[in-house]
Enquirer: 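Pasting in a structure now, in structure tokens, and then I'll have a few things to ask.
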Amino acid sequence: MIKCVAIDMDGTLLTKDHEITEENMKAIKAAQEKGVEVVIATGRSYPEAIYLLKEAGIKCPVICANGAEVRSPEGEIVADNPLKKEFAKDALKILSDSDIYVEFFTSKGIYTADMERGISLFKEYAANKHEKTEVEKIEAILQERMNFIKTIESVDFIFEQEDYHLYKLLAFSFDPEQLQKVEAQLKEIEGIALSSSGKENLEINGVEAQKGIALDRFTREKGISLMETMAIGDNYNDLSMFQRVGRAVAMGNADDYVKAQCHFVTATNEESGVAKAIWEAIN
């Protein structure tokens, strides 16, 4: 009997146009009506996640920034697992030396020291893609992200001020060889967790800020076993959940490695795979 469902957002709950389908909405609400605890587990910050959930009329707890922050259904912070700043500085030096674009997820918002570069990166990527759907997807992401990211001249204040908790470093590059090189260097840093929500990025969190660890704590506080928990996702930052739960479900659009780590594979995010997984688990 499934008592908790953890759902990723991008590539899972959301379509390429960043929408939640009617089928997914209905399935989530049906699960909640049956007493199933539904929790969103995303790499997004809380503001990036909650506006989409509100539009869909979905009210539930949210595991944010890969587990760096956990919010109640009312939006209150109930857990906080920041990245230690000394480790973040080490990671940032590696990224800076490789000239990789970085965004800083903090307790007070998302920041970048080079918004213009971030925009140009996404535009260049979209222009080099031939598939119309991919171009539309990247442009949608670009427009969305501009609404949430603040431009700053220097990131020093994030490291200097104690009230700025650093949740995640998000590194972008569309050069796979460059990302692989940087990833190998970052793995030498103790005290960080490396993951990815797409082939063009690396996500750097504190070791305790992983979706699976946050979900473990969440279910224990609710008196629910992980064996009674289902996790649905599509990418590498979902693996820590898949490794722990009794029912791991990969999206049809996930790559073969991610699918191989799961008990089941559902339909794609364009085909309301979340709804299909939920109905199969609760009926």
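For this chain, numbers begin at 1 and follow the sequence in order.
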Enquirer: Checking Lys168 side chain against Gly43 main chain: does a donor-acceptor pair fall under 3.5 Å?
Expert: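 It does hold such a pair.
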Enquirer: Looking only at the side chains, is there a donor atom on one of Thr12 and Asp234 sitting less than 3.5 Å from an acceptor on the other?
Expert: yes
Enquirer: Just by distance, do the side chain of Asn269 and the backbone of Leu14 share a donor-acceptor pair under 3.5 Å?
Expert: yes
Enquirer: So, the side chain of Glu208 versus the backbone of Ile213: is there a donor-acceptor pair under 3.5 Å, distance only?
Expert: no
Enquirer: Could you measure the distance from the CZ atom of Phe218 to the CD atom of Glu37? Nearest 0.5 Å is fine.
Expert: 4.0 Å
Enquirer: Do Gln161 and Lys108 have side-chain heavy atoms sitting under 4.5 Å apart?
Expert: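 No, their side chains stay 4.5 Å or more apart.
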Enquirer: Once the angle between the rings of Phe157 and Tyr164 is folded into 0 to 90°, is it parallel (under 30°), tilted (30 to 60°) or perpendicular (over 60°)?
Expert: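 Because their plane-to-plane angle is over 60°, the rings of Phe157 and Tyr164 count as perpendicular.
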Enquirer: Could you check whether any side-chain N or O of Asn81 sits under 3.5 Å from a backbone N or O of Gly67, counting only pairs where one atom can act as donor and the other as acceptor?
Expert: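 At least one qualifying donor-acceptor pair exists.
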Enquirer: Hey, mind stepping through Leu179 and Glu183 against side chain to side chain contact (heavy atoms under 4.5 Å, CB included) and telling me if it holds?
Expert: CA-CA 6 Å; Leu179 274 186; Glu183 183 177 10; 6.0 Å; no
Enquirer: Decide if atom CD of Glu86 counts as having more than 12 heavy atoms of other residues, nucleotides or ligands within a radius under 6.0 Å.
Expert: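 Atom CD in Glu86 is crowded, with more than 12 foreign heavy atoms closer than 6.0 Å.
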Enquirer: For Thr219 and Thr229, run side chain to side chain donor-acceptor pair (under 3.5 Å): C-alpha distance rounded to whole Å, both residues' side-chain angles, the deciding distance at 0.1 Å, then the answer.
Expert: CA-CA 8 Å; Thr219 53; Thr229 300; 4.9 Å; no
Enquirer: Working to the nearest 0.5 Å, report the span between CG of Asn205 and OG of Ser195.
Expert: 5.5 Å
Enquirer: Which heavy atom of Leu215 sits nearest to which heavy atom of Met241, and what is that distance?
Expert: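 Scanning both residues, the minimum pair turns out to be CD2-SD, 4.0 Å.
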Enquirer: For the CD1 atom of Ile110 and the CZ atom of Arg44, what is their distance to the nearest 0.5 Å?
Expert: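 Separation between the atoms: 9.5 Å.
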Enquirer: Looking at Ile100, is its backbone amide N or carbonyl O close enough to the side chain of Ser98 to form a donor-acceptor pair, meaning the two atoms are under 3.5 Å apart?
Expert: no
Enquirer: Tell me yes or no: between the side chains of Thr268 and Glu271, is some donor less than 3.5 Å from an acceptor?
Expert: yes
Enquirer: Does NZ or CZ of Arg71 lie under 6.0 Å from the centre of the six-membered ring of Tyr46, at an angle within 45° of the ring axis?
Expert: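 The answer is yes, since Arg71 meets both limits relative to Tyr46.
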Enquirer: Should the pair Tyr167 and His165 be assigned to parallel (<30°), tilted (30 to 60°) or perpendicular (>60°) ring geometry?
Expert: perpendicular
Enquirer: Donor-acceptor check, side chain of Ser120 to backbone of Arg117, threshold 3.5 angstrom: yes or no?
Expert: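 It does hold such a pair.
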Enquirer: Out of curiosity, Leu92 CG to Asp97 CG, how far, rounded to the nearest 0.5 Å?
Expert: 9.0 Å
Enquirer: Treating Lys84 as the side-chain partner and Gly191 as the backbone partner, does any N or O pair qualify as donor plus acceptor under 3.5 Å?
Expert: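 Not confirmed, Lys84 side chain does not pair with Gly191 backbone.
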Enquirer: Given side chains that start at C-beta, do those of Lys59 and Leu53 come closer than 4.5 Å, heavy atoms only?
Expert: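 No - every pair of side-chain heavy atoms lies 4.5 Å or more apart.
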Enquirer: As an exercise, state the distance from NZ of Lys211 to CZ of Arg244, rounded to the nearest 0.5 Å.
Expert: 13.0 Å
Enquirer: If you measure from CD1 on Ile7 to CD1 on Ile63, what distance do you get to the nearest 0.5 Å?
Expert: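 Going from CD1 on Ile7 over to CD1 on Ile63, the span is 11.0 Å.
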Enquirer: For Ser197 and Glu203, test the side chains for any donor-to-acceptor distance below 3.5 angstrom and give the result as yes or no.
Expert: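 Glu203 and Ser197 do have a side-chain donor-acceptor pair below 3.5 Å.
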Enquirer: Please determine whether side chain to side chain contact (heavy atoms under 4.5 Å, CB included) holds for the pair Glu55 and Ile20, giving the CA-CA distance in whole Å, both sets of side-chain angles, and the decisive distance to 0.1 Å.
Expert: CA-CA 9 Å; Glu55 282 182 357; Ile20 301 173; over 6 Å; no
Enquirer: Could you walk me through whether Asp175 and Lys181 pass the salt bridge (Lys or Arg N to Asp or Glu O under 4.0 Å) check?
Expert: CA-CA 10 Å; Asp175 181 343; Lys181 178 183 175 181; over 6 Å; no
Enquirer: Within a 6.0 Å radius of atom CD on Glu74, are there more than 12 heavy atoms belonging to other residues, nucleotides or ligands?
Expert: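 Check passes, neighbour count above 12.
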Enquirer: Take Asp90 and Ile192, measure what side chain to side chain contact (heavy atoms under 4.5 Å, CB included) needs, and give me the verdict at the end.
Expert: CA-CA 10 Å; Asp90 292 339; Ile192 67 170; over 6 Å; no
Enquirer: How are the rings of Phe104 and Phe159 set to each other: parallel, tilted or perpendicular (split at 30° and 60°)?
Expert: perpendicular
Enquirer: Would you say the side-chain atoms of Asn235 pair up with the backbone N or O of Asn237, donor to acceptor, closer than 3.5 Å?
Expert: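 Answer holds: no.
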Enquirer: Does Lys222 form a side chain to side chain contact (heavy atoms under 4.5 Å, CB included) with Val39? I'd like the steps, not just the answer.
Expert: CA-CA 12 Å; Lys222 298 290 182 180; Val39 57; over 6 Å; no
Enquirer: Determine whether Cys60 and Pro73 make a side-chain contact, defined as any pair of heavy atoms from C-beta on separated by less than 4.5 Å.
Expert: no
